[in-house]
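Residue numbers begin at 1 in each chain, while the letters A, B, ... track the order of the sequences.
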Amino acid sequence: MAKIRILSNKKAAKLRNFDSPKKRRVKMPWVDVEDSPRSKRKQGKRPSLNGLHKTPNRFSAPNGPSSPSKSNGSVDGPTKPGKSSSLQEQRRALPIALGREKLIAKIRQNDVIVLLGETGSGKTTQVPQYILESGIAGTRMVAVTQPRRVAATSLAARVAAEQNVKVGAAVGYSVRFDERSGPDTRIKYLTDGMIVRELLSDPLLSRYSVIIVDEAHERTLRTDLLLASLKGIQKYRSQPSDAKGKGRASLLNPLKIVVMSATLDAEKFSKFFDNAPIEYIQGRQHPVQIFHSAESQSDYLAAALRVFFQVHTDQGPGDVLIFLPGQDDIESLEKSIRLYANKLPHKSMEVVICPMYAAQAAGQNSKVFNAAPPNTRKCILATNIAETSITIPGVKYVIDTGKCKEKQYLARETGGGFDTLLTKDITKSSANQRAGRAGREGSGVCFRLYTEAAYNNMAVSADPEIRRCSLTSSVLQLKCLGQDFQELDFMDKPDYDSVVSAYKSLWLFGALNNSKELTPTGRQMAAFPLDPCYARIVLASKEYNCAPEIVEIVSVLSASSKLFVDVSDQRDSAAELRRKFRHPTGDHLTILGVVKAYQEIALAENKAGRREWCRKHFLNERALLEARDIRDQLKQTCARFGISFDEGVRADNNNDDAVLKALAHGLVQNSALLQPDGVTYKQTMGHTTVKIHPSSALSDRKHPAIIFNELVYTNQVYARGVSSIPKSFFLSIPTLNQRHS
DNA sequence: GAGCACTGC
């Protein structure tokens with residue numbers, strides 16, 4: 001069966017035309033593809049092609065070239081200086097250089113300014129240097145925060161080169177696992193998570209005289225937390241010394257804040273900082289011509305397929321980037337494009353399809369970064385990964401479905417909440433960012449598979465993370481600063497239920513006592529760079545004497561990449577190979593088994609051998625390596641609290657019970673009991689009925705009681721990362737009845 | 001019977 005997606009109007013399942021005031025008609029030489037035998041349609045899922053052949057697509061004319069404005073995590077400005085060309089010349093040629101003196105004056109006069117700069121304006125590399133060169137920073141440091149690590153490190157490298165110093169000297173960076181800064185460092189690029197960590201040990205950020213918050217429009221939870229804290233810190237540091245009976249504040253320079261953002265929501269930042277002045281910096285992005293669909297598309301996959309071949313057959317050279325919401329759409333579109341590409345006349349250009357999403361195995365997407373061979377067009381099918389984190393060379397055409405998947409935390413008054421992961425319409429800011437991907441190297445074209453009216457109706461930017469995430473970790477961090485989350489002045493108020501559910505979780509962990517005060521346990525938990533529930537598990541492992549095992553497991557769970565890679569066409573053989581790692585109690589001990597096996601291989605094999613072993617077993621080595629770094633970091637924190645690693649991970653499995661008991665301590669809220677139907681489970685705390693996710697080692701078995709890492713609602717509520725525990729374990733865990741002093 | 005993207009002294 002062909003897969004038909006109905007989005008809005010069932011009757012509109014027939015594909016509509018693209019219409020244009022300019023009557024821009026495009027011929028579709030591939031119309032005969034519709035004549036492919038029906039039998040072939042059965043092979044694999046792919047979009048409905050209803051009406052595909054009937055009328056040519058037409059796009060409405062753009063409102064002239066557009067220069068999308070959201071900047072991305074990569075280095076602003078030219079990034080490949082010729083060996084001999086002068087970096088200083090390049091600096092002077094940047095759009096921002098013209099306004100240098102004015103900008104310096106503005107920053108000198110104001111405690112806060114909001115800086116709007118388009119991609120390519122050079123704001124992220126130049127403003128810190130201007131501040132330093134003008135002497136505004138005094139003797140302290142300039143911090144530049146970034147949401148992503150790669151951005152922080154590559155920006156530092158660029159600016160160090162411009163200053164003609166080594167990274168770690170006058171210009172440095174600080175990201176997790178990697179710090180390059182020293183006593184001489186004056187400009188420091190760091191992740192927003194890192195500066196929030198610094199806040200915990202230095203609540204006034206006394207090492208800095210200027211904080212530049214870059215990419216503020218992304219509104220990560222940590223950026224919002226930082227902005228809220230900065231407001232208070234700034235007030236405190238500008239007080240006269242006797243105002244609060246403490247002299248300490250006056251010893252510090254007043255703090256200057258520069259908020260850098262995309263153009264769309266600058267007013268909001270300005271208002272938040274008492275109407276701080278807004279400065280605008282012209283960008284230098286190549287023009288991107290934008291076409292909107294004349295009518296809304298009920299089937300974005302079919303529409304994307306049509307438009308791709310339209311571009312492929314009618315337009316000049318240049319790679320095509322198609323934005324899709326998720327892996328299944330990518331795989332399905334890949335099959336369709338492959339099928340129809342084979343039916344093109346021989347003289348046409350070849351098509352190389354590059355799927356791109358985060359769960360891919362290492363190296364699976366390497367061809368995307370190589371230039372396409374002669375007479376070949378790359379077609380990149382990507383999720384949001386290509387929107388900000390990865391820049392793909394050669395892209396001239398963007399096809400934007402207007403959809404993405406977004407995680408949203410649904411807090412409940414009882415029993416904790418769960419995440420939803422649903423396909424949603426993108427935002428204006430995201431749409432502009434996607435279009436901008438066509439103009440990285442030259443002028444480009446973006447085809448939007450939605451109407452101009454739909455674009456105008458989009459939200460300006462995504463709901464800030466503070467309204468979409470669990471707040472448990474942030475509430476705990478603020479508690480360590482002696483602050484209560486709900487008393488802080490945030491740009492957007494968090495959802496009340498989320499705050500309540502965060503406090504409740506922390507109380508259940510014993511991190512807060514009955515008076516909502518931080519306990520010693522809570523302070524210890526906050527010291528771990530972990531989700532609070534995992535931090536609780538690590539602390540519990542001391543009691544049960546299984547810290548080595550727990551830390552291995554928690555490290556893998558905390559790694560950003562998934563341990564098991566998914567190659568959907570080899571799903572069966574992958575499952576077969578994984579069976580030998582499968583532990584009867586479930587996913588947690590299965591992970592431990594994989595880590596142990598990898599460590600044995602690591603002793604016996606060289607780098608290539610290890611990589612081959614991972615590939616053969618469908619394991620993501622990147623996840624294992626990242627987990628190793630996390631483990632080493634966690635061991636250091638453990639050492640501070642007397643958690644011992646002397647015995648190491650036991651070779652036999654007779655510590656399994658202890659491991660499961662420790663896990664249960666952090667996952668109290670994530671537990672469920674088998675229902676009489678023998679398929680679904682009911683939360684022990686809360687009323688949600690859940691199923692075990694099919695990727696779990698336990699999915700095809702029945703267990704009276706389970707604990708799990710997370711609940712995600714996609715088309716059902718699934719428990720992921722599941723282990724079976726004896727019901728009696730619940731008795732040993734702190735529950736609602738237990739009081740904390 | 002199925003997985004948007006980031007991040008942490």
Side-chain angles (χ1 to χ4, degrees), chain A residues 72-73 145-152 174-179 181 190-202 215 218-223 225-226 323-331 356-360 382-390 401 403-408 419-424 426 430 433 462 465 468-469 473-474 476-477 480 526-532 534-535 555 558-568 571-572 574-575 620 626 629-630 633-634 636-637 640 679 691-696 699-700 710 712-716 718-721:
Chain A
N72 73 329
T145 72
Q146 294 292 322
R148 278 169 291 280
R149 295 170 13 154
V150 273
S174 172
V175 300
R176 192 181 188 185
F177 307 127
D178 196 5
E179 161 123 30
S181 68
L190 65 182
T191 48
D192 49 11
M194 208 62 176
I195 204 163
V196 169
R197 278 279 155 189
E198 285 193 7
L199 208 54
L200 293 182
S201 57
D202 178 11
E215 314 284 5
E218 290 194 22
R219 302 291 307 279
T220 68
L221 180 54
R222 295 163 300 279
T223 295
L225 205 61
L226 178 64
F323 282 102
L324 294 154
Q327 186 183 344
D328 55 345
D329 281 335
I330 287 174
E331 286 168 355
M356 283 207 72
Y357 44 87
Q360 270 173 321
T383 59
N384 266 352
I385 196 168
E387 199 177 296
T388 47
S389 11
I390 288 174
T401 57
K403 302 285 172 190
C404 68
K405 278 191 191 178
E406 199 181 73
K407 218 172 201 177
Q408 168 116 34
D419 287 317
T420 64
L421 185 59
L422 301 171
T423 301
K424 296 174 103 178
I426 59 169
S430 193
Q433 176 76 3
E465 229 177 41
R468 296 189 286 118
C469 293
S473 184
S474 307
L476 180 63
Q477 282 172 347
C480 288
F528 286 93
L530 288 174
D531 185 295
Y534 294 147
S555 298
S558 303
S560 58
S561 20
K562 292 263 171 289
L563 176 58
F564 298 109
V565 297
D566 186 62
V567 189
S568 45
R571 220 166 249 182
D572 290 342
N620 184 357
E626 199 186 332
D629 288 341
I630 297 173
Q633 198 182 29
L634 294 181
Q636 290 175 24
T637 315
R640 283 166 49 194
V679 183
K691 267 182 147 174
I692 297 179
H693 194 274
S695 65
S696 168
S699 65
D700 49 356
E710 56 173 3
V712 182
Y713 173 75
T714 49
N715 45 42
Q716 299 182 73
Y718 286 111
R720 286 204 296 212

Reckon [X] touches a base, only the sugar-phosphate, or nothing at all at heavy-atom distances under 4.0 Å?
X: A:Ser174; answer: nothing
X: A:Leu530; answer: base
X: A:Leu200; answer: base

OP1 or OP2 of [N] versus the side-chain N and O atoms of [X]: is any pair under 4.0 Å?
X: A:Arg149; N: B:dG8; result: yes
X: A:Tyr718; N: B:dA2; result: yes
X: A:Thr383; N: B:dA5; result: yes
X: A:Gln636; N: B:dC9; result: no
X: A:Thr191; N: B:dG8; result: yes

Taking atom [atom2] of [N] as reference, at what distance in whole Å does atom [atom1] of [X] sit?
X: A:Glu710; N: B:dC4; atom1: CD; atom2: P; value: 12 Å
X: A:Gln633; N: B:dT7; atom1: CD; atom2: C1'; value: 12 Å
X: A:Asp629; N: B:dG8; atom1: CG; atom2: P; value: 11 Å
X: A:Ile330; N: B:dC4; atom1: CD1; atom2: C1'; value: 10 Å
X: A:Asp419; N: B:dC4; atom1: CG; atom2: C1'; value: 12 Å
X: A:Arg222; N: B:dC6; atom1: CZ; atom2: P; value: 12 Å
X: A:Asp329; N: B:dG3; atom1: CG; atom2: C1'; value: 13 Å
X: A:Glu179; N: B:dC9; atom1: CD; atom2: P; value: 10 Å

Item to complete: List the atom of A:Ser561, the atom of A:Asn620, and the distance in Å for their closest heavy-atom pair.
Response: CB-ND2, 3.6 Å
Worksheet entry | A:Ala526 versus A:Cys480, closest heavy-atom pair with distance | CB-SG, 3.4 Å
Worksheet item: Would A:Lys407 and A:Glu710 pass as an ion pair if we require N to O under 4.0 Å?
Response: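 Salt bridge present between A:Lys407 and A:Glu710.
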Worksheet item: To the side chain of A:His693, which of B:dC9, B:dC4, B:dA2 is closest?
Response: B:dA2
Fill in: Minimum-distance nucleotide to A:Arg148 side chain [options: B:dC4, B:dG8, B:dC6]
B:dC6
Practice prompt. Could you list the residues that satisfy salt bridge (Lys or Arg N to Asp or Glu O under 4.0 Å) with A:Arg222, not counting sequence neighbours?
Written response: A:Asp192
Practice prompt. Let me know, please, whether A:Leu421 or A:Ser560 comes out on the 5' side of the other along DNA chain B by nearest nucleotide.
Written response: A:Leu421
Practice prompt. Report the residue (A:Ile385 or A:Arg197) whose heavy-atom-nearest nucleotide on DNA chain B is the more 5′ of the two.
Written response: A:Ile385
Discussion item. Assess the residue pair A:Thr223 and A:Thr220 against the criterion (side-chain hydrogen bond (donor to acceptor under 3.5 Å, both in side chains)); give the C-alpha distance rounded to whole Å, side-chain angles, the decisive distance to 0.1 Å, and a yes or no.
Written reply: CA-CA 5 Å; A:Thr223 295; A:Thr220 68; 2.9 Å; yes
